[in-house]
Amino acid sequence: MQTIEYFYSAHSAFAWLGSARLAEICAARGARLLHKPFELSPVIEAAGGLPFAARTQAHVDYFFGRDIEHWAEYRGVPVIRHRPTHHDAPLELPNGAIIAAQDAGQGADALAHAILGAHWRDDADISDPATLAPLIAGCGLDADAILSAARSAPVQALHRANTEEAIARHVFGSPTYVVGGDPFYGQDRLDLVDRALVRPFARGSWRNPPVG
């Protein structure tokens, strides 16, 4: 079974736009997702990107407005038509819940999709345990156990490690998919991810950055 390393944040618009298509690819190719939720801002800034507040209004209007609308219509994915109310809320708990579900050995794929959808479709506060609990239960998981694990020191250490790994591997942002060491940044590269699972791309002169 091939693995897709999945670097993303639980509040990422473009991870949400690609989430259903990613699941289709995994099902069709028999691939598994290795979830690596991370803190988005440090990763973007380490890669040389500007913090959201420092970007021009034209950039924000296009990349975080019109382009989201384009892809939502193209993929048939529902999104709210504005920046979510709680978009700047902390990510430790929702990212941690996904990591905890993966550690439990089940439900991480469904939970990631549910959390992303709650944020971008429903304008929910995914940093709130009361919001997360029914999402977790809806994926067949024990909400109390997952939320407790999400807050735990080991899971939060993994969350920090994911962020550090993303920086070390020169991840540009969310989502980034890695197949056999070959990275694909952005949900608009999912057709390339699908192809890479069947036939890897020639490397040419490019060399993969070190892992970890």
Side-chain angles (χ1 to χ4, degrees), residues 2-38 40 44 52 55 58-89 91 94-95 97-98 101-102 106-127 131-132 134-141 171-179 182-199 201:
Q2 293 200 70
T3 296
I4 301 172
E5 295 176 89
Y6 184 21
F7 290 91
Y8 65 106
S9 70
H11 75 337
S12 168
F14 292 98
W16 166 239
L17 291 169
S19 185
R21 177 63 183 135
L22 178 60
E24 290 173 356
I25 290 170
C26 288
R29 304 302 181 193
R32 76 176 185 99
L33 287 178
L34 179 58
H35 294 263
K36 296 192 174 185
F38 60 74
L40 183 56
I44 290 175
F52 188 85
R55 302 183 190 200
H59 179 103
V60 171
D61 289 345
Y62 180 76
F63 287 102
F64 299 100
R66 189 57 181 152
D67 203 37
I68 289 174
E69 292 176 344
H70 288 154
W71 280 102
E73 182 175 333
Y74 181 74
R75 294 208 185 277
V77 174
V79 296
I80 58 173
R81 296 298 186 222
H82 56 85
R83 184 176 169 85
T85 304
H86 307 284
H87 194 66
D88 296 319
L91 290 171
N95 280 349
I98 296 166
Q102 180 162 260
Q106 59 176 339
D109 296 0
L111 183 57
H113 185 76
I115 291 174
L116 289 163
H119 185 62
W120 277 100
R121 181 191 59 233
D122 305 328
D123 200 25
D125 182 1
I126 59 173
S127 69
T131 296
L132 290 175
L135 300 177
I136 295 166
C139 296
L141 300 168
V171 167
F172 295 124
S174 172
T176 296
Y177 318 95
V178 182
V179 180
D182 203 2
F184 301 87
Y185 168 48
Q187 63 83 35
D188 51 337
R189 294 342 194 258
L190 279 169
D191 286 350
L192 301 183
V193 171
D194 187 30
R195 162 42 217 274
L197 291 167
V198 177
R199 181 161 53 96
F201 287 87

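Counting heavy atoms from C-beta on, the side chains of Phe38 and Ser174 come closer than 4.5 Å. For the pair Leu197 and Ile4, the minimum side-chain heavy-atom distance is below 4.5 Å.
Note: Ile25 CD1 to Leu190 CG = 4.5 Å, rounded to the nearest 0.5 Å. Atom CG of Leu34 and atom CD of Gln102 lie 5.0 Å apart (nearest 0.5 Å).
Looking at every heavy atom in both residues, Leu17 comes nearest to Arg75 through O-CD, 3.0 Å. Across all non-hydrogen atoms, the minimal contact from Ile68 to Phe63 is CG1-O, 3.9 Å. Among all heavy-atom pairs drawn from Ser12 and Ala15, the shortest one is OG-N, 3.1 Å. Heavy-atom minimum distance, Ala101 versus Leu111: CB-CD2, 4.0 Å. Of all non-hydrogen atoms in Leu135 and Ala118, the two that sit nearest each other are CD1-CB, 3.7 Å.
A search for ring pair (Phe, Tyr, Trp, His ring centres under 6.0 Å) contacts involving Phe14 returns nothing, not counting sequence neighbours. With sequence neighbours excluded, the residues that form a side chain to side chain contact (heavy atoms under 4.5 Å, CB included) with Arg189 are Phe184, Leu192. Residues satisfying the side chain to side chain donor-acceptor pair (under 3.5 Å) test with Arg32, not counting sequence neighbours, are Thr3. By the ring pair (Phe, Tyr, Trp, His ring centres under 6.0 Å) test, His87 pairs with His11, His119, Trp120, sequence neighbours left out. Under the side chain to side chain contact (heavy atoms under 4.5 Å, CB included) criterion, Ala10 pairs with Pro94, Asn95, Ile98, Ile115, Ile126, sequence neighbours left out. Qualifying side chain to side chain contact (heavy atoms under 4.5 Å, CB included) partners for Ile44, counting only residues two or more places apart in sequence or in other chains: Leu40, Arg55. Residues satisfying the side chain to side chain contact (heavy atoms under 4.5 Å, CB included) test with Tyr62, not counting sequence neighbours, are Arg66, Asp67, His70. With sequence neighbours left out, the ring pair (Phe, Tyr, Trp, His ring centres under 6.0 Å) criterion links Tyr6 to Tyr8, His35, Tyr177.
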### Query
How far apart are the C-alpha atoms of Asp88 and Arg83, what are their side-chain angles, what is the distance that settles it, and do they pass the side-chain contact (heavy atoms from CB on, under 4.5 Å) test?
CA-CA 10 Å; Asp88 296 319; Arg83 184 176 169 85; 2.6 Å; yes
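Sequence neighbours left out, not one pair with a member in residues 115-127 passes salt bridge (charged side-chain N to carboxylate O under 4.0 Å, His left out). A side chain to side chain donor-acceptor pair (under 3.5 Å) check over residues 14-24, counting only residues at least two apart or in different chains, returns the pairs Ser19-His113, Arg21-Glu24.
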